[in-house]
Amino acid sequence: DYVFDMNTGQQLFKLIGSDSVPGDFYGSAVAISSDRALVGAQFDDDLGSNSGAAFVFDLNTGQELFKLLPADGEANDWFGDSAALSNDRALIGATQDDDKGTDAGAVYVFDMNTGQQIYKLVASDGEAGDRFGVSVAVSGDMALIGAPTDTNQNGALAGAAYLFDLTTGQEVTKFLASDGMPSTGFGGYAVSLSASTVLVGAYGDDTRGANAGAAYVFNPIPNDDCSGAIPIGIGATAYNNVRAGDSLVDMGCVRNGEASDLWFSYTAIGDCPVTIDLSGSSYDTGAAVYSGDCGALTQIDCDDDEGSN
């Protein structure tokens with residue numbers, strides 16, 4: 001891999017893996033953040049034929065810092081097929097990993113300061129042939145991972161993308177194209193992520209003709225607003241408001257404002273009391289209950305666990 005000075009256009013370094021050999025496909029994926037570079041070699045054979053590897057370099061010196069290998073790597077995993085880097089975290093795709101079935105795919109998260117593996121991410125509903133990890137992106141504490149041959153409600157090989165919380169390694173949500181069709185490659189070669197937006201490519205979309213392609217834009221938190229409220233029932237519901245915004249609905253009782261709110265809907269099964277309990281959170285939480293439609297809400301009650309209500 002080659003490193004250039006963007007001010008002068010001059011080459012600074014040529015990066016080569018310390019033990020690269022013919023056929024490793026070193027440079028199959030690259031990523032950069034600050035003064036670190038991440039380079040994939042998906043056909044490296046350290047853990048078996050075509051098991052894969054990734055290398056970390058210091059861009060101040062051009063020196064190799066780490067060679068990254070998955071803790072459970074095996075032949076034909078293709079670890080290093082994709083790469084993303086942000087601050088002290090590296091994401092590396094292994095699109096032929098078999099944990100969820102043949103070629104279901106996985107993504108590994110590494111600490112860039114130590115070279116140690118933190119998590120192995122797999123789709124909660126992963127299946128053989130999904131190729132989860134073909135595309136990866138990272139922003140802050142969130143990761144976006146494409147699975148272009150996932151079969152779902154949009155049809156065979158329609159594709160999907162998954163959002164993960166990198167502080168916990170937990171899956172947050174799964175994105176599908178609203179007008180998805182079979183074999184459109186949604187989540188395929190390109191995904192991107194910012195603080196407030198998810199962008200997913202679909203190279204096989206046919207809206208403008210066969211394989212003309214398209215890209216879809218999402219809010220990373222689907223129930224960030226009333227219109228996306230997630231139905232819940234009796235029992236525990238896990239939630240994560242990382243990246244959630246302010247819906248600008250005045251709850252009235254929350255002492256610290258209404259930032260990072262999430263919306264859920266509940267349909268009563270009879271005329272009986274309903275208890276909403278947020279005591280499991282380590283944060284200052286608040287809750288408001290409304291009736292009616294999103295455009296005409298009527299507040300029934302509101303409570304702030306550190307307020308006067």
Side-chain angles (χ1 to χ4, degrees), residues 1 3 13 15-21 24-100 104-124 126 132-146 162-172 191 193 240 242 282:
D1 285 32
V3 182
F13 304 111
L15 307 178
I16 299 176
S18 56
D19 63 353
S20 295
V21 297
D24 277 358
F25 266 47
Y26 173 89
S28 54
V30 296
I32 187 172
S33 179
S34 186
D35 60 355
R36 294 289 186 267
L38 179 64
V39 183
Q42 69 187 79
F43 296 152
D44 179 280
D45 298 331
D46 278 14
L47 299 178
S49 178
N50 298 336
S51 55
F55 297 80
V56 180
F57 288 86
D58 183 336
L59 291 178
N60 294 310
T61 64
Q63 296 301 304
E64 183 182 314
L65 299 177
F66 306 111
K67 181 177 183 179
L68 306 179
L69 297 172
D72 61 349
E74 297 179 346
N76 297 312
D77 275 356
W78 292 16
F79 175 86
D81 191 23
S82 61
L85 186 58
S86 178
N87 298 323
D88 59 353
R89 291 190 184 94
L91 267 65
I92 303 165
T95 56
Q96 308 287 76
D97 179 271
D98 299 333
D99 278 14
K100 289 278 189 170
V107 171
Y108 294 80
V109 183
F110 284 81
D111 184 320
M112 291 294 287
N113 297 311
T114 65
Q116 297 300 304
Q117 182 179 319
I118 304 171
Y119 301 117
K120 180 179 183 178
L121 308 178
V122 295
S124 58
F132 174 89
V134 163
S135 54
V136 294
V138 60
S139 177
D141 291 329
M142 304 301 284
L144 182 64
I145 302 169
Y162 296 79
L163 189 69
F164 282 80
D165 181 346
L166 293 180
T167 63
T168 63
Q170 297 299 304
E171 184 180 314
V172 176
V191 295
L193 179 64
N240 186 324
V242 175
S282 59

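Here, residue 1 is the first one in the sequence, and each next residue gets the next number.
If you take CG on Asp77 and CG on Asp72, they are separated by 7.0 Å, rounding to the nearest 0.5 Å. Expressed to the nearest 0.5 Å, how far CG of Asn76 lies from CD of Gln96 amounts to 7.5 Å. Put simply, CG on Leu69 and OH on Tyr108 are 10.5 Å apart, with the number rounded to the nearest 0.5 Å. The CG atom of Leu166 lies 7.5 Å from the CE atom of Met142; values are rounded to the nearest 0.5 Å. One distance of note links CG of Leu59 with CD1 of Ile32; it measures 4.5 Å at 0.5 Å rounding. Summarising the geometry, atom CG belonging to Leu163 is positioned 6.0 Å from atom CG belonging to Leu144; distances are rounded to the nearest 0.5 Å.
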Legend entry - CA sep, side-chain torsions, deciding dist, call: Tyr26, Phe55, ring-ring contact (aromatic ring centres under 6.0 Å, His included): CA-CA 9 Å; Tyr26 173 89; Phe55 297 80; 5.5 Å; yes
Inset, instruction - Would you sort out whether Leu15 and Val3 count as a side-chain contact (heavy atoms from CB on, under 4.5 Å), showing the intermediate values? - result: CA-CA 8 Å; Leu15 307 178; Val3 182; 3.7 Å; yes
Inset, instruction - Give the C-alpha distance, both sets of side-chain angles, the deciding distance and a yes or no for side-chain contact (heavy atoms from CB on, under 4.5 Å) between Asp99 and Lys120. - result: CA-CA 10 Å; Asp99 278 14; Lys120 180 179 183 178; 2.6 Å; yes
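The minimum heavy-atom distance linking Trp78 with Thr95 is given by the pair CE3-OG1, 3.8 Å. In terms of heavy atoms, Asp165 sits closest to Val172 at N-CG2, 3.7 Å. Residues Val134 and Ser82 come closest through the heavy atom pair O-CB, 3.3 Å.
Partners of Asp46 under the salt bridge (Lys or Arg N to Asp or Glu O under 4.0 Å) rule, at least two apart in sequence or in another chain, are Lys67. Annotation: salt bridge (Lys or Arg N to Asp or Glu O under 4.0 Å) contacts of Asp98 (sequence neighbours excluded): none. Listed by chain and number, the residues in a side chain to side chain donor-acceptor pair (under 3.5 Å) with Glu171 are Ser124 (sequence neighbours excluded). Among residues two or more places apart in sequence or in another chain, the salt bridge (Lys or Arg N to Asp or Glu O under 4.0 Å) test is passed with Asp1 by none. Listed by chain and number, the residues in a salt bridge (Lys or Arg N to Asp or Glu O under 4.0 Å) with Lys100 amount to none (sequence neighbours excluded).
Looking at Arg36 and Val56, their side chains come closer than 4.5 Å, going by heavy atoms from C-beta outward. Counting heavy atoms from C-beta on, the side chains of Phe57 and Leu65 never come closer than 4.5 Å. Side-chain contact between Ile145 and Phe132 is present, with heavy atoms from C-beta onward closer than 4.5 Å.
For CZ of Phe25, the number of neighbouring non-hydrogen atoms (other residues, nucleotides, ligands) closer than 6.0 Å is 12 at most.
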Show me the side-chain donor-acceptor pairs of residues 84-92 shorter than 3.5 Å, one per line, residues at least two apart or across chains.
from	atom 1	to	atom 2	distance (Å)
Arg89	NH1	Asp141	OD1	2.9
Arg89	NH2	Asp141	OD1	3.4

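Looking at Asp24, its side chain does come within 3.5 Å of a backbone N or O of Val21 through a donor-acceptor pair.
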